[in-house]
Protein chains: 2
Amino acid sequence: MENMNIKKLAKELNLSVSTVSKALHDSYEIKAETKEKVLALAKQLNYQPNPFASSLRRNSSKTIAVVIPEIAHNFFSLVINGIESIAEELKYHVLIYITHEIPEKEEQIIRHLLNGRVDGILISSSGTSNNNAHYHELIQKGIPFVFFDRANFDVDAPRVTTDDYQAGFQATEHLIKSQCKHFAFLSLSNQMSAINHRKDGFLAALNQYQIKPSHVHIIEAGTDETLSFQIIRDSLQPLPESLGIFSSVEKLAIQTYHICKEINIRIPKQLKIISFSNLPTAALLNPALSTLTQPAFSIGKEAALLLFQNIKNKGKIQPITTLPNVVLKSTIFIRESTKI
Amino acid sequence: MENMNIKKLAKELNLSVSTVSKALHDSYEIKAETKEKVLALAKQLNYQPNPFASSLRRNSSKTIAVVIPEIAHNFFSLVINGIESIAEELKYHVLIYITHEIPEKEEQIIRHLLNGRVDGILISSSGTSNNNAHYHELIQKGIPFVFFDRANFDVDAPRVTTDDYQAGFQATEHLIKSQCKHFAFLSLSNQMSAINHRKDGFLAALNQYQIKPSHVHIIEAGTDETLSFQIIRDSLQPLPESLGIFSSVEKLAIQTYHICKEINIRIPKQLKIISFSNLPTAALLNPALSTLTQPAFSIGKEAALLLFQNIKNKGKIQPITTLPNVVLKSTIFIRESTKI
DNA sequence: TTTAATTACGAAATCGTTTTCGTACTCTTC
DNA sequence: GAAGAGTACGAAAACGATTTCGTAATTAAA
């Protein structure tokens with residue numbers, strides 16, 4: 001009795017294995033009476049089909065993978081929440097892989113997933129734009145995947161992103177109208193789509209308002225915690241007059257806050273800052289942080305929906321439509337950190 | 001050429017399937033020369049074994065599950081980070097399941113995992129103490145699992161927790177010494193081990209310092225966001241004199257901050273607060289929040305290590321030792337929110 | 001020289017499902 | 001009443017790996 005399986009179940013019922021299997025799948029070949037008997041005994045003996053046998057035979061795993069740069073990050077955990085809400089509904093399982101912002105790690109993970117362990121993948125890329133080989137291998141293998149937030153625009157795959165350019169423009173415009181004279185853009189790297197779009201919006205706004213290029217600073221802080229701390233601190237000493245910072249990610253804004261506390265820079269008096277962020281404490285910070293907030297949960301949901309749609313359509317002739325490219329809106333919250 | 005498998009690989013090599021399989025597993029039965037040939041062609045043709053066939057035959061999945069109450073929570077995402085660091089090293093895969101604090105959901109998830117999809121489970125329980133049936137089914141099925149943070153102490157399973165009692169005592173003592181007169185404990189529910197231990201420490205400290213019971217308030221705010229907001233707000237109106245709040249979880253402390261902002265209660269002047277928290281912004285809040293910080297990453301690591309140890313020892317005779325029960329230390333950070 | 005051990009491989013069973021195909025049997029229909 | 005359609009089930013092949021067992025060929029031991 002150690003482990004229940006369909007063979008024992010069939011024997012117990014005096015039926016063949018195939019009949020039992022069909023009954024469990026509610027096949028039209030099996031009459032109602034038999035189905036009931038099978039279902040009843042299956043429940044009583046607590047029979048649960050072996051997922052691997054099933055996956056092996058059906059060539060589908062009821063599992064998706066989520067590949068993200070980091071998890072201890074409000075944005076990504078909210079996205080996972082959204083993904084899980086859909087996956088749970090569709091009885092899919094969710095595998096998590098973390099790249100720690102290392103492109104090679106991402107490649108390795110994706111390559112590993114070529115073995116069919118998952119039916120589809122949701123990716124927020126940490127890859128550089130010049131390395132698409134692993135994505136193309138996915139396409140070749142017919143494994144559906146969807147980018148969210150950070151996409152690789154050279155790859156032919158659905159994307160769920162936010163209006164990064166517009167948001168970047170809007171944030172920068174806000175800084176300009178808050179009487180900033182110098183402007184800094186805090187970035188992790190110049191290889192990430194979402195961040196670059198934010199930067200483009202930033203530059204476009206500065207251009208439109210005819211800000212002198214000498215007053216524009218792009219600070220690539222990188223993904224290393226201690227290093228980025230130093231880079232930001234160095235860039236604040238000496239402090240440019242009326243500096244307005246647009247931080248492309250929450251982490252760098254938090255670091256900036258710490259640095260300002262450390263070297264006694266007053267926000268918003270000496271320095272104004274607005275940041276992309278999903279911090280639940282943004283309004284409680286000292287001073288309250290102005291933010292651009294992405295609809296993280298919805299991003300997860302939309303990306304998952306798109307993925308499942310692609311999984312379902314796999315093999316079928318794809319309608320020659322444009323590539324799904326969902327763009328959601330971010331919300332701007334003006335708070336004290338950018339007050340005049 | 002669609003999908004590479006061991007059969008095609010064997011044919012290509014003019015070897016039998018079994019020889020190839022053994023070569024790939026570096027069996028002593030196969031001579032070095034053959035192994036090299038096999039490995040070389042496997043790499044060249046990008047052969048990756050089908051994980052389901054492998055799992056089916058070996059009866060092991062190289063996968064663990066993490067079952068948590070919620071994910072958009074600094075503590076849990078840091079724990080997952082720790083878990084992933086170990087899993088990644090051991091080439092295990094990590095499935096995430098979220099219970100949303102619903103005990104029935106947890107049961108359902110655990111029961112589902114009885115089908116052998118995972119080799120082991122890490123659980124932070126959202127269950128009530130009077131419902132252990134699903135854990136016992138895991139034990140019966142021989143599926144190893146480890147509790148972390150929130151354990152069910154009636155169940156015979158390894159645990160990784162923190163020194164919640166001591167930390168609770170210490171935090172409360174700090175509030176007492178900060179000249180508070182009234183004391184409130186903010187709790188999610190009275191069914192969670194970790195939280196109850198914190199409460200016990202709280203009560204013990206108040207008792208030791210002979211605080212009048214009428215000055216002691218236990219506020220069970222529950223897990224529903226809007227409801228808990230109301231409960232906390234109501235309990236602050238009217239505001240007891242010199243109230244010191246010990247919040248057992250970060251979320252409730254944040255809510256308290258929001259409420260205080262809304263109804264104009266000054267922290268720490270009118271109300272002092274200390275909270276369990278892994279907020280990276282605790283020091284940046286207005287005012288900076290005194291915290292008890294759990295070593296979340298280490299909790300994840302330790303729990304994973306314990307689990308993998310149990311997975312490895314499965315089937316072997318268990319040494320009659322005491323149940324592994326790792327207890328890690330939290331760190332107290334005194335900040336402005338409890339300043340005299 | 002004979003026997004035993006070792007080396008290096010292959011055939012086939014196995015894991016637990018799903019699915020295809022075959023087949024009795026009953027029921028229509030003209 | 002013969003042919004066709006429909007019903008309800010079972011046998012067996014498949015999915016792709018791992019593993020047991022068997023066995024030639026070679027080497028070592030007696």
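As the structure is a prediction and not an experimental result, all values here were calculated from the model. Every chain is numbered from 1, with letters handed out A, B, ... down the list of sequences.
Between F76(B) and F148(B), the ring planes lie perpendicular to each other; the angle is over 60°, past the 30° to 60° tilted range.
Applying the 3.5 Å distance criterion, the base of dA11(D) shares a donor-acceptor pair with the side chain of S18(A).
The distance from atom CZ of F52(A) to atom P of dT18(D) is 14 Å, rounded to the nearest whole Å. Rounded to whole angstrom, the span from the CG atom of N59(B) across to the P atom of dA17(D) amounts to 18 Å. Taking atom CE of residue M4(B) and atom C1' of nucleotide dC15(D), one finds them 16 Å apart after rounding to whole Å. At whole-Å resolution of the value, CG in N5(B) and P in dT18(D) are 12 Å apart. The separation between K62(B) atom NZ and dT18(D) atom P is 13 Å, rounded to whole Å. Between the C1' atom of dA11(D) and the CG atom of L15(A) lies a distance of 14 Å, rounded to the nearest Å. The nearest whole Å value for the distance from the CG atom in L9(B) to the P atom in dA17(D) is 9 Å. For the pair I6(B) CD1 and dG16(D) C1', the interatomic distance rounds to 8 Å; values are reported in whole Å.
Of the charged side-chain nitrogens involved, none lies within less than 4.0 Å of a carboxylate oxygen, so that E302(B) and R159(B) do not count as a salt-bridged pair. A salt bridge links R111(B) to E107(B): one of the charged nitrogens lies within less than 4.0 Å of a carboxylate oxygen. Salt-bridge formation is not detected for the pair K141(A)/E137(A): no Lys NZ or Arg NE/NH1/NH2 atom is positioned less than 4.0 Å from an Asp or Glu carboxylate oxygen.
For dA17(D), the OP1/OP2 oxygens have a side-chain nitrogen or oxygen of Y47(B) closer than 4.0 Å. At dA14(D), none of the side-chain N or O atoms of R57(A) fall inside 4.0 Å of OP1 or OP2 (strictly under the cut-off).
When each of I30(B) and L56(B) is assigned the nucleotide of DNA chain C with its nearest heavy atom, I30(B) is the one assigned upstream, toward the 5' end.
Annotation: salt bridge (charged side-chain N to carboxylate O under 4.0 Å, His left out) contacts involving residues 78-93 of chain A, sequence neighbours excluded, comprise E88(A)-K105(B). Identified under the salt bridge (charged side-chain N to carboxylate O under 4.0 Å, His left out) test for residues 13-26 of chain B, with sequence neighbours left out: K22(B)-E29(B), D26(B)-K35(B).
Counting any heavy atom pair closer than 4.0 Å across all strands shown, T34(B) reaches sugar-phosphate atoms only and no base atom.
Here chain B contacts DNA chain C (any atom closer than 4.0 Å to a heavy atom, that is under 4.0 Å), and the contacts span dA8(C) to dG16(C) from 5' to 3'.
Remark: F297(B) engages N81(B), S85(B), K301(B) in a side chain to side chain contact (heavy atoms under 4.5 Å, CB included) (not counting sequence neighbours). Every residue was checked against the salt bridge (charged side-chain N to carboxylate O under 4.0 Å, His left out) condition with E36(B), not counting sequence neighbours, and none meets it.
Residues of residues 19-26 of chain A that place a heavy atom closer than 4.0 Å to DNA chain D, in numerical order, are T19(A), K22(A).
Side-chain rings of H93(B) and H112(A) approach one another, their centers coming within less than 6.0 Å.
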